[in-house]
Undergrad: 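Structure incoming, see below.
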Amino acid sequence: MGNMATQTQFHVLAVDDSLIDRKLIERLLKTSSYQVTAVDSGSKALEFLGLNGENEDEERNSSVESVSAADEDHQVGVNLIITDYCMPGMTGYDLLRKIKQSSSFKDIPVVIMSSENIPSRINRCLEDGAEEFFLKPVKLSDVNKLRPHLMKGITTKTEMQSNSNKRKGSEEIQSPDRTRPRYNELEVV
């Protein structure tokens, strides 16, 4: 039973400098059966994702991409990132931009949360790739809005794999070498 749960469980990276807010979002996500990794800054989030070094970006991106492609996101395994907007050092908006500029993580949904209801800030985040913008305190009803974003990413990945498999199948069928079985260069009629 534990094995099946880990296969279908979504992994959320929660980023908030406030311990209370971080614990709240962590508890809400775990209540909704998400696996949660919580960090207290944008730079720690980038470090967790392997995007923390300016000179290492290309090298890390390519190694993370190959891991993701080979293991279907089971290594890094983040399906969604939820981050506070106002944090010292790197804001949630800065984190959003770095993630969306990354070739490895640009398709991961990012949700921004803030206690400040500033329409221009909300619009800017949504225009630059955030899936949602939640006002704090985050509620269970907000967390329930995350699943469609997670499912959209899974559906897209599954469709791409399915189309790839269909193409492989049709190539095999249309291949002239596959029309009749061959045994030691003798054609079976």
Side-chain angles (χ1 to χ4, degrees), residues 5-17 21-22 25-26 28-30 32-54 56-87 89-114 121-134 136 138 142-164:
T6 55
Q7 288 176 354
T8 56
Q9 193 175 39
F10 294 112
H11 185 187
V12 178
L13 176 60
V15 188
D16 200 319
D17 61 311
D21 288 337
R22 200 167 55 247
I25 192 69
E26 189 173 358
L28 288 171
L29 290 165
K30 285 183 176 177
S32 298
S33 300
Y34 295 110
Q35 177 187 343
V36 183
T37 299
V39 295
D40 63 3
S41 68
S43 58
K44 284 187 182 170
L46 292 177
E47 186 177 325
F48 178 79
L49 295 170
L51 296 174
N52 56 329
E54 291 300 317
E56 303 169 273
D57 272 354
E58 286 182 29
E59 182 182 317
R60 288 200 181 232
N61 282 347
S62 62
S63 67
V64 170
E65 279 183 64
S66 62
V67 166
S68 295
D71 293 336
E72 297 303 314
D73 288 337
H74 289 283
Q75 289 291 327
V76 174
V78 174
N79 303 104
L80 183 132
I81 298 164
I82 184 164
T83 180
D84 184 24
Y85 183 91
C86 292
M87 295 183 291
M90 178 183 295
T91 67
Y93 178 74
D94 296 334
L95 179 60
L96 167 71
R97 298 218 19 191
K98 285 200 176 279
I99 289 166
K100 293 304 175 184
Q101 290 168 357
S102 159
S103 58
S104 305
F105 298 103
K106 66 182 178 194
D107 295 327
I108 291 180
V110 178
V111 173
I112 308 273
M113 53 189 174
S114 178
R121 177 184 292 173
I122 295 169
N123 290 335
R124 183 173 67 157
C125 290
L126 294 172
E127 286 169 4
D128 285 350
E131 298 291 329
E132 296 274 354
F133 194 106
F134 295 154
K136 289 181 177 179
V138 175
D142 293 325
V143 170
N144 292 337
K145 295 177 188 174
L146 299 177
R147 196 161 296 275
H149 299 298
L150 292 163
M151 297 309 291
K152 183 174 63 176
I154 298 291
T155 303
T156 304
K157 188 181 289 184
T158 305
E159 285 173 359
M160 288 171 60
Q161 288 172 347
S162 174
N163 288 340
S164 173

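Since we're looking at a predicted model, the values are computed, not measured. This chain uses plain numbering: 1 for the first residue, then up along the sequence. Side-chain atoms are counted along with the backbone in the values below, which use heavy atoms only and exclude waters and symmetry mates.
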Undergrad: Looking at CE of Met113 and OG1 of Thr83, how far apart are the two atoms once the value is rounded to the nearest 0.5 Å?
TA: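 Spacing of CE (Met113) from OG1 (Thr83) equals 6.5 Å.
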Undergrad: Tell me the closest heavy-atom pair linking Gly42 and Val15, and the distance in Å.
TA: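 So the minimum-distance heavy-atom pair works out to N-CG1, 3.9 Å.
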Undergrad: Is any side-chain heavy atom of Asp84 less than 4.5 Å from a side-chain heavy atom of Asp21?
TA: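 Counting from C-beta outward, Asp84 and Asp21 never come under 4.5 Å.
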Undergrad: Under a 4.0 Å N-O cut-off, is there an ion pair linking Lys145 with Asp142?
TA: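 So Lys145 pairs with Asp142 through a salt bridge.
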Undergrad: Leu80 pairs by side-chain contact (heavy atoms from CB on, under 4.5 Å) with which of Leu13, Leu150, Val110?
TA: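 Only one of Leu13, Leu150, Val110 forms a side-chain contact (heavy atoms from CB on, under 4.5 Å) with Leu80, namely Leu150.
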Undergrad: How long is the straight-line distance from CZ of Arg97 back to OG of Ser102, given to the nearest 0.5 Å?
TA: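 One finds 14.0 Å between OG of Ser102 and CZ of Arg97.
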Undergrad: Just by modelled atom types, is the Ile108 backbone N or O under 3.5 Å from a matching donor or acceptor in the Lys100 side chain?
TA: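 Indeed, once roles are kept as given, a pair shorter than 3.5 Å links the two residues.
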Undergrad: Evaluate the side-chain contact (heavy atoms from CB on, under 4.5 Å) criterion for residues Ile82 and Leu29: first the C-alpha distance (whole Å), next the side-chain angles of each, then the deciding distance (0.1 Å), finally the verdict.
TA: CA-CA 10 Å; Ile82 184 164; Leu29 290 165; 4.3 Å; yes
Undergrad: Measure the spacing between CD1 of Ile81 and OG1 of Thr37 and express it to the nearest 0.5 Å.
TA: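 Result: 10.5 Å between the selected atoms.
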Undergrad: So, do Lys98 and Leu46 sit near enough that their side-chain heavy atoms are less than 4.5 Å apart?
TA: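 A side-chain contact exists here, since the closest heavy-atom pair is under 4.5 Å.
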Undergrad: Give, for atom CG of Asn79 and atom CG of Asp107, the distance between the pair rounded to the nearest 0.5 Å.
TA: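 One gets 12.5 Å once the value is rounded to the nearest 0.5 Å.
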Undergrad: So that I can tick it off, tell me whether Arg124 and Asp128 are bridged by a salt bridge, with the cut-off set at under 4.0 angstrom between side-chain N and carboxylate O.
TA: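 So Asp128 does not pair with Arg124 through a salt bridge.
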Undergrad: Working to the nearest 0.5 Å, report the span between OG of Ser104 and CG of Leu49.
TA: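 Answer rounded to 0.5 Å: 9.5 Å.
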Undergrad: Do Asp16 and Ile25 pass the side-chain contact (heavy atoms from CB on, under 4.5 Å) test, and can you show the C-alpha distance, the side-chain angles, and the key distance before you say yes or no?
TA: CA-CA 9 Å; Asp16 200 319; Ile25 192 69; 5.5 Å; no
Undergrad: To check you understand the geometry: which heavy-atom pair defines the closest contact between Ser32 and Asn144, and what is its length?
TA: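 Heavy atoms of Ser32 and Asn144 come nearest at OG-OD1, 4.1 Å.
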Undergrad: Test Phe10 against Arg147 for side-chain contact (heavy atoms from CB on, under 4.5 Å), laying out the working first.
TA: CA-CA 9 Å; Phe10 294 112; Arg147 196 161 296 275; 3.3 Å; yes
Undergrad: Do you know the tightest heavy-atom contact between Ile112 and Gly92?
TA: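 Heavy atoms only, the tightest pair is CD1-O, 3.6 Å.
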Undergrad: Could you pull out the closest heavy-atom pair between Ser43 and Met90, with the gap in Å?
TA: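 Taking every non-hydrogen atom into account, N-SD, 4.2 Å.
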Undergrad: If you compare all heavy atoms of Asp40 against all heavy atoms of Arg22, which two are closest, and at what distance to 0.1 Å?
TA: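 Heavy atoms only, the tightest pair is CB-NH1, 3.1 Å.
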Undergrad: What distance do Leu146 atom CG and Leu28 atom CG have between them, rounded to the nearest 0.5 Å?
TA: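 Spacing of CG (Leu146) from CG (Leu28) equals 10.0 Å.
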Undergrad: So which atom in Ala130 and which in Leu96 form the shortest heavy-atom distance, rounded to 0.1 Å?
TA: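 In terms of heavy atoms, the two residues are closest at N-CD1, 3.8 Å.
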Undergrad: Taking the side chain as everything from C-beta on, heavy atoms only, tell me whether Arg121 gets closer than 4.5 Å to Cys86.
TA: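 Touching, per the 4.5 Å side-chain cut-off.
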Undergrad: Mind running side-chain contact (heavy atoms from CB on, under 4.5 Å) on Phe105 and Val78 for me, showing each step along the way?
TA: CA-CA 9 Å; Phe105 298 103; Val78 174; 5.6 Å; no
Undergrad: Which word best sums up how the rings of Phe48 and His11 line up, parallel for under 30°, tilted for 30 to 60°, or perpendicular for over 60°?
TA: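 Perpendicular, since the angle between the ring planes exceeds 60°.
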